[in-house]
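Written below as structure tokens is the structure these notes are about.
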Amino acid sequence: MFDFSLFTNWIHSFLSSFMPEWLTITTECVLIGVALLLTYALLALFYIYFERKVCAAFQCRLGPNRVGPMGLLQSFADMFKMLIKELISLNHTDKFLFALAPYLVILASMLAFAVLPWGNGLQIIDFNIGIFFLIAVSSIGVLGILLAGWSSNNKFTLIGALRSGAQMVSYELSIGLSVLTMVCFAGSMNVGDIVNEQEHLWFIFSGHIPAIIAFIIYLIAGTAETNRGPFDLPEAESELTAGYHTEYSGIHFGFFYLAEYLNLFIVSGVATLLFFGGWMPLHFPGWDGFNAIMNYIPGIVWFIGKAIAISFIIIWFKWTFPRLRIDQMLALEWKYLLPINLFNLVLMVLIVVYGIHL
Amino acid sequence: MEVTTKSMPYEAWKDNEYIESLVKELQENGANVVVGSFDKLINWGRSNSIWPLTFATSCCGIEFVSLGAARYDMARFGWEVARSSPRQADFIMVAGTIVHRMAPVLRRLYDQLAEPKYVIACGACAVSGGPFKKSYHVVMGVDKIIPVDVYLPGCPPRPEAMIYAIMQLSRKIKVEKFFGGVNRQEKQEEFLKNHPIEGVED
Amino acid sequence: MADIQEIIAKLFPQAVFEEGDILTVEIPDAQWHDLAKTLRDNAELSFDFLKTIVGMDWVEKLGCIYYLTSTKYNTNIAVKVTTEDRVNPAITSIADLWHIAGMYEREVYDFFGIVFLNNPDMRRLFLSIDWKGYPLRKDYDASPETNPVPDDNERQSDFTNVYTRDADGKIECHEERIFAENDFVVNIGPQHPATHGVLRFRTAVDGETIKKIDVYMGYIHRGIEKICENLTYPQTLHFMDRLDYFSAHPYHHCLCMTIEEAAGIQISRRAQVIRVMMDELSRIASHCLFIGTFCMDLGATTMLFYALRVREQILDIMDKTCGARMTFNYECIGGVMQDLAPDFADDVRALLEIIPKNLKEYDKLFTGNVITKNRMEGVGVLGREEAISWGVTGPSGRASGWACDVRKTTPYSIYPELDFEEVIRHEGDSMARFQVRMGEIEQSAKILAQLVDNIPEGEYCVKVPKVLKLPVGHWFRTVEGCRGTFGVYLESDGTVNPYRLKLVTPSLPAAAVVDTLTRGGKIADLITIGGSLDYIVPDIDR
């Protein structure tokens with residue numbers, strides 16, 4: 001596989017040849033920031049378009065097809081409009097917290113981008129507790145949602161925020177445990193190491209039943225974590241109008257809207273990383289010819305392709321299932337997913353200890 | 001300058017006088033290149049992304065649901081993102097009769113919409129009171145309470161007519177100017193000044 | 001009928017009897033509550049279903065006509081209670097005997113200003129607190145100056161009124177709180193995606209649990225009953241399209257039937273068959289839309305689009321014959337407006353072919369889903385007695401085990417000749433209400449299959465006089481609409497205009513019962529229950 005670190009190292013040495021070190025690092029940070037923001041925006045716009053098309057296909061419709069070729073520019077038009085739409089300032093709200101909330105939400109998803117393994121050597125930061133960092137930053141999002149609901153001074157948003165608080169705190173547990181299961185299997189918290197471990201076979205294949213259970217639980221919990229149907233209670237349209245972001249307009253609402261899709265990408269990205277080998281091509285031990293062909297496809301395509309495939313499943317959930325009720329949703333987590341998860345973790349530990357994996 | 005729409009012949013817009021008068025006004029005032037192209041970009045975004053507010057009082061609302069369904073599929077134009085919160089919507093399709101008790105509510109919804117906001121009076125009841133003209137409790141046309149951009153007759157209008165109406169709205173947005181000139185905001189403010197509602201903040 | 005009269009006459013010698021098409025009893029207000037209690041509790045009478053309360057203004061006096069039905073013996077009775085006081089009219093309330101009576105009395109109070117003593121919640125129902133006058137009184141000042149379009153937010157009161165008569169016979173009014181003082185009250189509606197229109201619930205919640213719901217109606221009250229009083233009979237017809245716009249055909253059918261019966265017009269068999277076919281087609285379309293919107297309320301948006309496909313096909317059939325997609329104005333006095341479109345029968349056959357397939361698909365997609373079951377089973381259980389007392393008819397009533405299908409109890413048109421079953425379930429929960437409707441689609445398809453090959457030849461509309469005058473009298477007829485029993489009370493004074501046209505709609509009881517069903521449930525259950533009761537707001541408000 002092509003190692004992007006060659007390319008990034010070249011940039012680094014090129015820049016440091018005529019700049020002092022502090023300036024080099026600053027320039028690099030700015031470059032990375034710009035690249036990140038661009039990817040972020042483009043991905044979100046793509047996802048919005050993608051979901052609208054997919055849901056249209058499920059519903060025997062066409063979906064956006066008038067703005068630009070095949071409607072590709074539809075979400076760009078939406079973004080333009082949202083950028084210049086009025087930001088309504090409300091009386092009787094906590095102005096600072098009200099304005100802070102959308103940034104917190106978007107910050108959480110942006111930080112999580114830093115450790116995703118986009119390709120070989122194409123990772124913004126690769127440090128030894130990458131997975132830990134990922135889980136930590138993704139839980140900032142709930143803070144933003146709680147703040148949004150609270151500071152809006154509106155009963156609907158308050159109920160939405162409390163729902164989402166209960167939901168995210170509960171399901172974080174399942175995500176954490178299923179990630180822990182896989183970390184236990186990989187033997188490392190370093191994102192790069194986890195990907196490299198899967199060079200010969202992805203974890204979903206090599207991890208036996210516990211890996212599959214962990215994946216299913218991760219997928220369910222991930223759907224809940226991103227507030228998507230059937231777990232979209234915090235913004236349940238038919239119950240709470242628009243949930244915690246009822247009072248937000250313009251680009252502030254846009255941030256919530258984007259963050260929803262970006263979280264979807266992050267959840268599927270992490271699933272890719274933990275179960276489907278990150279940017280690693282599909283390899284099977286012994287099938288050398290097949291493996292060689294697979295190597296021709298660049299890693300970044302593998303990563304994004306796998307992430308989109310998993311997102312497709314999550315979108316599929318949303319447009320198929322009815323919504324759960326709040327008590328049923330919490331019962332699902334605490335009565336079913338959590339015990340299964342704990343049991344699964346023990347099973348995984350046994351497999352690792354006795355070395356009976358592939 | 002003609003206000004065109006993708007794959008629609010210009011002749012299909014039978015009654016063009018209003019839009020053409022707007023275009024004329026736009027050209028007379030003129031604009032410099034930078035502002036002009038910005039206007040174009042903004043109007044492209046706005047006119048292609050008109051999100052409705054989920055608002056229906058009666059029969060017309062059901063036709064609006066049909067408009068979203070597979071046969072008419074308003075998603076093609078990007079109108080399917082119906083927002084339930086008025087802060088995030090772009091236009092109200094006043095689908096159905098508005099009665100006295102509902103009037104302040106409608107006005108409040110309109111005030112809650114974020115700028116730029118538009119109104120389509122959909123159906124005979126919303127346009128003029130329709131078959132309930134003689135009723136003691138029906139508002140004779142929503143233009144008594146809020147400024148209306150497009151009037152759509154019919155009882156209820158067929159979904160095709162609704163598509164036509166929203167396309168007309170889209171054309172109207174295309175000749176807007178961000179600053180001054182053909183700015184509908186001024187007309188709107190004038191309207192609101194003449195139709196004050198106490199207890200509702202503008 | 002004679003023995004009912006005997007029983008009443010023995011206990012209440014003051015009662016005056018009038019033999020019409022049903023037995024009518026006139027009773028002074030002082031005995032009214034006792035009579036009502038006897039009518040309900042006497043084992044030989046057991047009039048347990050209050051169909052409606054018709055408020056009346058006969059100029060010299062005001063009053064109410066109560067239409068009661070016994071579900072046990074399938075007998076009907078009407079009771080007339082009047083008062084001559086136009087300034088402070090008062091009648092004793094029967095809200096403690098029939099649950100729904102409280103709502104109907106509020107409606108009469110709203111329209112006629114008759115105060116019901118001891119009613120625990122005597123507020124206006126459709127009009128706002130500050131409305132001046134009582135619109136259905138004959139001397140109402142309808143000029144827009146009395147009640148201009150409000151330029152202010154509606155005044156809100158946390159109190160309701162209770163009127164009682166004190167020892168000296170004077171009427172006293174005292175206020176009572178609607179909610180407890182420290183309740184967290186969430187306002188749901190009138191603009192809310194789940195209320196199916198502009199209904200408003202003020203909901204007291206404790207966390208996610210609902211403590212009490214106060215239903216506000218009238219956000220689409222259009223005063224159809226009053227407008228009709230100034231129109232000729234054919235002109236009143238088109239309003240039937242705009243009440244419950246999904247059961248436009250059955251509603252038309254009902255009013256046409258009433259007028260035809262009053263005028264003594266016999267319509268041809270072809271027209272009868274066409275009317276019944278249209279009724280059943282609209283029943284299928286309506287239930288399809290119910291499935292769609294109900295599933296959408298539960299969060300399964302995709303089902304809406306699947307269900308709407310069938311509805312579109314039915315609308316096409318209607319479009320070809322009636323020329324409109326929703327407001328058809330098809331049935332007219334004497335038959336139907338136009339003849340059937342030439343390919344009507346073929347279209348119906350094509351529809352009948354796809355319906356079983358579609359029902360199977362819905363079952364597979366939705367009913368079998370474990371989340372659906374959890375959301376619907378055991379949610380909003382309405383018992384049979386409760387359903388009758390609340391007057392919840394139609395599919396919702398039948399889901400509670402109450403055989404209330406008018407097509408079976410008091411058959412009209414050609415229904416007696418047709419072979420179909422009344423779908424009844426006994427669970428009374430949201431799932432049962434959903435499944436009854438699924439079953440009814442099948443039954444309607446069965447009726448259509450019997451008729452589609454046997455549409456008789458003949459004229460589709462008989463000749464009726466251009467200026468139609470009805471004889472003096474009053475008539476009350478019911479049909480089975482898509483949502484339940486729809487009734488028309490028509491009183492004629494011999495002119496070309498109806499003296500009073502009262503529309504009894506099934507959605508009002510359905511909306512009234514929401515409070516009882518949701519107590520103790522979650523906010524999400526409110527959506528399930530509201531969806532499964534399937535009320536149409538313009539049908540409530542009229």
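Reminder, nothing fancy here: chain letters follow the sequence lines and each chain counts from 1.
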Between B:Lys133 and B:Ser128, what is the shortest heavy-atom contact and its length?
NZ-O, 3.2 Å
Under the criterion ring-ring contact (aromatic ring centres under 6.0 Å, His included), I'd like the reasoning laid out for C:Tyr362 against C:Phe366: C-alpha separation, chi angles, the key distance, then a yes or no.
CA-CA 6 Å; C:Tyr362 301 158; C:Phe366 191 72; 9.4 Å; no
Chain B contacts, top residue of C:Met326, C:Lys226, C:Arg222, C:Arg200 (heavy-atom pairs, under 4.5 Å):
C:Arg222
Measure distances from C:Ile220 to the heavy atoms of chain B and classify the residue's part below 4.5 Å as side chain, backbone, both or neither.
both
For C:Tyr216 and C:Leu199, the nearest pair of non-hydrogen atoms, with its separation, is O-CD1, 3.6 Å
Count the heavy-atom pairs under 4.5 Å between each of B:Thr57, B:Val138, B:Leu53 and chain C, then report the option with the highest count.
B:Thr57
Evaluate the salt bridge (charged side-chain N to carboxylate O under 4.0 Å, His left out) criterion for residues C:Glu312 and C:Arg325: first the C-alpha distance (whole Å), next the side-chain angles of each, then the deciding distance (0.1 Å), finally the verdict.
CA-CA 9 Å; C:Glu312 284 291 336; C:Arg325 279 168 55 88; 3.1 Å; yes
Can you tell which part of B:Ile98 gets under 4.5 Å to a heavy atom of chain C, answering side chain, backbone, both or neither?
neither
Side chain, backbone, both or neither: which part of C:Leu136 has an atom under 4.5 Å from a heavy atom of chain B?
side chain
Does any heavy atom of chain C fall under 4.5 Å from the side chain of B:Ala69, the backbone, both, or neither of them?
both
Only one of C:Phe126, C:Phe111, C:Tyr219, C:Trp131 clears ring-ring contact (aromatic ring centres under 6.0 Å, His included) with B:His137; which?
C:Trp131
What's the shortest heavy-atom distance between B:Ala121 and B:Val142, and which atoms?
CB-CG2, 3.8 Å
Taking every non-hydrogen atom, the tightest pair across C:Arg311 and B:Ser66:
NH1-OG, 3.6 Å
Part of C:Asp244 within contact of chain B (heavy atom distance under 4.5 Å)
neither
So, the part of C:Asp316 with a heavy atom under 4.5 Å from chain B: the answer is side chain
Mark yes or no for whether C:Asp214, through its side chain, and C:Arg202, through its backbone, hold a donor-acceptor pair below 3.5 Å.
no
For the residue pair C:Tyr140 and B:Tyr136, does the interplanar ring angle fall in the parallel (under 30°), tilted (30 to 60°) or perpendicular (over 60°) class?
perpendicular
Name the member of B:His100, B:Glu63, B:Arg101 that forms the most heavy-atom pairs with chain C at distances under 4.5 Å.
B:Arg101
Contact part of C:Leu127 toward chain B, heavy-atom cut-off under 4.5 Å: side chain, backbone, both or neither?
both
Region of C:Phe239 that comes under 4.5 Å of a non-hydrogen atom in chain B
side chain
Contact leader toward chain B among C:Arg309, C:Arg242, C:His221, C:His238, where contacts are heavy-atom pairs under 4.5 Å:
C:His221
Report which part of C:Ile536 has an atom under 4.5 Å of a heavy atom belonging to chain B: side chain, backbone, both, or neither.
neither
Max heavy-atom pairs within cutoff under 4.5 Å with chain C, candidates B:Pro159, B:Cys125, B:Ala95, goes to B:Pro159
Specify whether B:Trp79 and B:Phe77 have parallel, tilted or perpendicular ring planes, treating 30° as the upper limit for parallel and 60° as the lower limit for perpendicular.
parallel
With only heavy atoms counted, which part of C:Phe305 is less than 4.5 Å from chain B, the side chain, the backbone, both or neither?
side chain
